[in-house]
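Worksheet for the structure shown next.
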Amino acid sequence: MRSMPAREDAAEIRAALPALRRGSGLPVVFGGAVQATGRAHYTEISGADTDVLRDLVIDPGRGLGGKALTELRPLWVPDYLAARQISHEYDGPVRTEGLKALVAAPVVVAGRSRGVLLGGLRRSVPLGERTVAAFAAAARDAGQRIAVRDDARRRAAEVERARAAAADSGPAAPHWAEVRALNAELRAAAAEVGDPALRDRLLEVCARMDAAASPAPAEGAPRLAPRELDVLACTALGCTNADTAARLGLSPETVKSYLRSAMRRLGAHTRTEAVAEARRHGLLP
């Protein structure tokens, strides 16, 4: 039985197939997610004449797809059955489907393969750079979507833990500084997503969460830029400049620049004083 993360990873791979088939020009595209066992299950198929590839289980390092998974890079062969650089445990299904030239690109997240995309022709020819690049790009985009999903789930879990801790310690104000800091991380990750529609959706959600997590400023409060507030929210949680840079996808020097600017606007001389002034003006909870 597939785990929830593997099912969700497979859904991202399935969503990539139609555009990949059009963009690559290959008549057959397929792939699947890596399971908890480390083996890939080919559950997503488009353009096949038979059903022999569906539910094929691939061991790491074996065949073209398994080798791409372990080497973390796209691979291709002009004739799968004659290729000497791969093992041939899966020749039967490939032969039955009539495939010759094949390409495989791993879906990599945080240095680990989470799935693989493959495509094939029913004749033996060298696959061009554009075809291989199309698979590499589709795998990269799928990996980015999975990474953003993982990141959102992790942040949601952190917020829930913060809420649980607040409930255990008795009545207290919501941890909105933590919410804002986590949302700033998600906004930084969303900006790196290659899919424009997905990126816009994520940034829209981030903007709504920012509005919900931001208190109404006091009359006459200094105006701080969103990134200055992001940095102050992280500072309020005890983050160092290096911690804040890692969370927000910024350089430490950029964090220092935002912090200096916020301190100047707030009339503060230290990080702690800046957080206190931001709270006094209603800019932070």
Side-chain angles (χ1 to χ4, degrees), residues 1-3 5-108 112-143 146:
M1 185 174 180
R2 290 188 291 168
S3 65
R7 287 198 298 271
E8 292 178 339
D9 293 352
E12 295 294 352
I13 290 169
R14 179 168 62 252
L17 294 187
L20 181 57
R21 189 178 175 195
R22 293 191 300 270
S24 69
L26 298 186
V28 182
V29 292
F30 57 102
V34 173
Q35 308 299 306
T37 60
R39 307 164 87 191
H41 289 202
Y42 291 168
T43 56
E44 315 308 321
I45 315 290
S46 177
D49 289 340
T50 72
D51 215 30
V52 296
L53 297 173
R54 189 174 302 278
D55 293 325
L56 197 62
V57 179
I58 305 298
D59 288 317
R62 315 310 295 174
L64 186 67
K67 188 174 182 180
L69 288 175
T70 56
E71 295 193 4
L72 302 178
R73 63 188 180 95
L75 300 172
W76 66 271
V77 292
D79 190 328
Y80 186 96
L81 298 177
R84 295 183 178 181
Q85 66 268 45
I86 61 172
S87 63
H88 288 276
E89 293 87 344
Y90 314 109
D91 283 7
V94 173
R95 183 182 291 109
T96 299
E97 182 59 38
L99 297 176
K100 296 287 188 178
L102 278 171
V103 58
V107 176
V108 180
R112 182 169 69 90
S113 288
R114 296 280 289 268
V116 62
L117 290 165
L118 300 96
L121 284 169
R122 294 188 173 86
R123 62 182 188 278
S124 179
V125 294
L127 295 174
E129 289 185 6
R130 285 186 61 185
T131 298
V132 177
F135 274 82
R140 183 172 59 252
D141 288 347
I146 291 170

_Can you confirm whether the side chains of S87 and E89 place a donor and an acceptor under 3.5 Å from each other?_
yes
_Would you say CD of E129 has more than 12 non-hydrogen atoms from neighbouring residues, nucleotides or ligands within 6.0 angstrom?_
no
*asked:* Any non-hydrogen side-chain atom of V34 less than 4.5 Å from a side-chain atom of R114?
replied: no
_For L117 against I13, the heavy-atom pair lying closest together_ = CD2-CG2, 3.5 Å
*To the nearest 0.5 angstrom, please state how far the CZ atom of R73 sits from the OG atom of S113.*
12.0 Å
*Exercise: identify the closest heavy-atom pair between A101 and V125*: CB-O, 3.5 Å
_Can you give me the closest heavy-atom contact between L102 and G120, atom names plus distance?_
CD2-CA, 3.5 Å
*Answer yes or no: is there a donor N or O on one side and an acceptor on the other, between the side chain of H41 and the main chain of A6, under 3.5 Å?*
no
*Of the non-hydrogen atoms in G38 and P60, which two are nearest, and what is the gap between them?*
O-CG, 3.1 Å
*Nearest 0.5 Å, what's the OH-CD1 distance between Y80 and I86?*
4.5 Å
_Is there a side-chain contact between F30 and L99 in this structure, where contact means two heavy atoms from C-beta onward sitting under 4.5 Å apart?_
yes
*Is there a side-chain contact between V94 and V52, using heavy atoms and a 4.5 Å cut-off?*
no
*Minimum side-chain heavy-atom gap V29-L118 below 4.5 Å*: no
*Flag yes if more than 12 heavy atoms outside R122 fall under 6.0 Å of its CZ atom; otherwise flag no.*
yes
*Mind checking whether L75 and E71 have side chains closer than 4.5 Å, heavy atoms only?*
yes
*Under 3.5 Å donor-acceptor, S124 side chain and P78 backbone*: yes
*How long is the gap from CD1 on I45 to CG on L17, to the nearest 0.5 Å?*
8.0 Å
*Going from CG on D49 to OG1 on T96, what distance comes out if it is rounded to the nearest 0.5 angstrom?*
11.5 Å
*State, with a plain yes or no, whether a side-chain heavy atom of L121 is found less than 4.5 Å away from one of P27.*
yes
*Measure the shortest side-chain to side-chain distance between I58 and Y42 over non-hydrogen atoms and say whether it is less than 4.5 angstrom.*
yes
_Verdict with reasoning, F135 to L20, per side chain to side chain contact (heavy atoms under 4.5 Å, CB included)_ = CA-CA 7 Å; F135 274 82; L20 181 57; 3.4 Å; yes
*CG/L72 to NZ/K67 distance, rounded to the nearest 0.5 angstrom?*
13.0 Å
*What heavy-atom pair brings R21 and S46 nearest, and what distance separates the two atoms?*
NH1-OG, 3.4 Å
_For a quick test of reading the model, state the closest non-hydrogen atom pair linking L69 to P106 and the distance between them._
CA-CB, 4.3 Å
*Between D9 and V107, is a side chain to side chain contact (heavy atoms under 4.5 Å, CB included) present by the stated rule, with each step listed?*
CA-CA 9 Å; D9 293 352; V107 176; over 6 Å; no
_Please check: side-chain N/O of K100 versus main-chain N/O of V77, any donor-acceptor pairing under 3.5 Å?_
no
*Taking atom OH of Y90 and atom CG of L53, what is their separation to the nearest 0.5 Å?*
12.5 Å
_Contact between V103 and L26 at the side-chain level, heavy atoms closer than 4.5 Å - yes or no?_
yes
